Amino acid sequence: MYINVRKHILSNAILGVALVKILAAFLEFALRLILRGRQYSSPDMLDAILWNCQLAISGIQIIVTAFIFYYSWKKLNHYINTVPKEDRDSMGELQKEFLGDKIASLSVSSVNRLQQLWAVIFIGAEMLYVFTSIMYRRFIGMLMDALSGSSSLTDGTFVMLYNMTHGFKYLEMLSAILLGVVMTGIFLNDRAMKLSSFAILALFLISFAVLQMQTVNLMGREVGIVWTSIIYHITETVGLVLLSLYLSRHYKGL
């Protein structure tokens, strides 16, 4: 069976998660300004107070995301349960016959599968991202210790190693998001979604392998820009907002 074409459950859930991530990004940026001030001698992740705040924000993100998808799951099941289970297949056939091109783009079972896929990506992959971030912080701490205790390692060496390894922190989560976009594109037979995912991945890999860290002055403080980080954060915020709007505009009942 199919739900009403005006119901956009999956796209609204993705939009909700994107807004949560945008709010979290602004909060982390504000905390960096407040807690780190104008002094800069090591990566922000090594600041214990800032790091604990970031972990707390990540934990809140996971909880809120779980609530968003639980609510959307309950909402979808409410629409499904309006029709007895044994009548749903015949209802779907009747909808196809009488509604024609006014029918929803996907059946409720397909929407439910995509909903589960995105829930796993946003919750499970985010938990894995937190774990890899913890391990990466340990690595950077050991690298800083090696730098301070060895005359053969220079600040330039540290910057180079930091830039070269920073992409590993985001690769897993970015791949999960792009996989979700590709799978959604497969369900919808949408070539643009699949190609855009590969384009973003290619851009990320090129920046990972080729581009060097850039330094800019921001409010009197030197800030290092890692391009893999920029691509990832744009994808998980602005990219998800655009994906949600694209789905709600081009597909019915999604």
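All values below come from the heavy atoms of this structure, side chains included, with hydrogens, waters and symmetry mates left out. Please read these numbers as outputs of a predicted model, since none were measured by experiment.
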Practice problem: Keeping to residues at least two apart or across chains, list the salt bridge (Lys or Arg N to Asp or Glu O under 4.0 Å) pairs with something in residues 48-68. | Solution: none
Quiz item: Quick one: are M127 and I123 in side-chain contact, heavy atoms under 4.5 Å?
Solution: yes
Practice problem: Decide yes or no for M173 and Y170: does some side-chain heavy atom of the first lie under 4.5 Å from some side-chain heavy atom of the second? | Solution: no
Counting only pairs under 3.5 Å, give me each side-chain donor-acceptor contact of residues 190-205, with atom names and distances, residues two or more places apart or in other chains.
unit_1: D190; atom_1: OD1; unit_2: A192; atom_2: N; d: 3.0
unit_1: D190; atom_1: OD1; unit_2: M193; atom_2: N; d: 3.0
unit_1: D190; atom_1: OD1; unit_2: Y246; atom_2: OH; d: 3.3
unit_1: D190; atom_1: OD2; unit_2: Y246; atom_2: OH; d: 2.6
unit_1: D190; atom_1: OD2; unit_2: Y251; atom_2: OH; d: 2.4
unit_1: S196; atom_1: OG; unit_2: A192; atom_2: O; d: 3.1
unit_1: S196; atom_1: OG; unit_2: M193; atom_2: O; d: 2.8
unit_1: S197; atom_1: OG; unit_2: M193; atom_2: O; d: 3.0

Self-check item: Set of side-chain contact (heavy atoms from CB on, under 4.5 Å) partners for A25, sequence neighbours left out
Solution: none
Quiz item: Which residue pairs pass the salt bridge (Lys or Arg N to Asp or Glu O under 4.0 Å) test when at least one of the two sits in residues 111-122, sequence neighbours left out?
Solution: none
Quiz item: Sequence neighbours excluded, which residues qualify as side-chain hydrogen bond (donor to acceptor under 3.5 Å, both in side chains) partners of T184?
Solution: W118
Quiz prompt | Partner residues of I49 under the side-chain contact (heavy atoms from CB on, under 4.5 Å) criterion, sequence neighbours left out | solution = L35, D47, C53
Quiz prompt | N12: partners by side-chain hydrogen bond (donor to acceptor under 3.5 Å, both in side chains), with sequence neighbours left out | solution = none
Validation: residues 65-73 side-chain donor-acceptor distances under 3.5 Å, sequence neighbours left out:
unit_1: T65; atom_1: OG1; unit_2: Q61; atom_2: O; d: 2.7
unit_1: S72; atom_1: OG; unit_2: I68; atom_2: O; d: 3.4
unit_1: S72; atom_1: OG; unit_2: F69; atom_2: O; d: 2.9
unit_1: S72; atom_1: OG; unit_2: Q115; atom_2: NE2; d: 2.9

Quiz item: Can you pull the ring-ring contact (aromatic ring centres under 6.0 Å, His included) pairs that have at least one residue in residues 7-27, sequence neighbours excluded?
Solution: none
Quiz prompt | Residues which pass side-chain contact (heavy atoms from CB on, under 4.5 Å) with I60, listed by chain and number, not counting sequence neighbours | solution = V64
Quiz item: Residues in side-chain hydrogen bond (donor to acceptor under 3.5 Å, both in side chains) with Y129, at least two apart?
Solution: none
Quiz prompt | Residues in side-chain hydrogen bond (donor to acceptor under 3.5 Å, both in side chains) contact with Y232, at least two apart in sequence or another chain | solution = E236
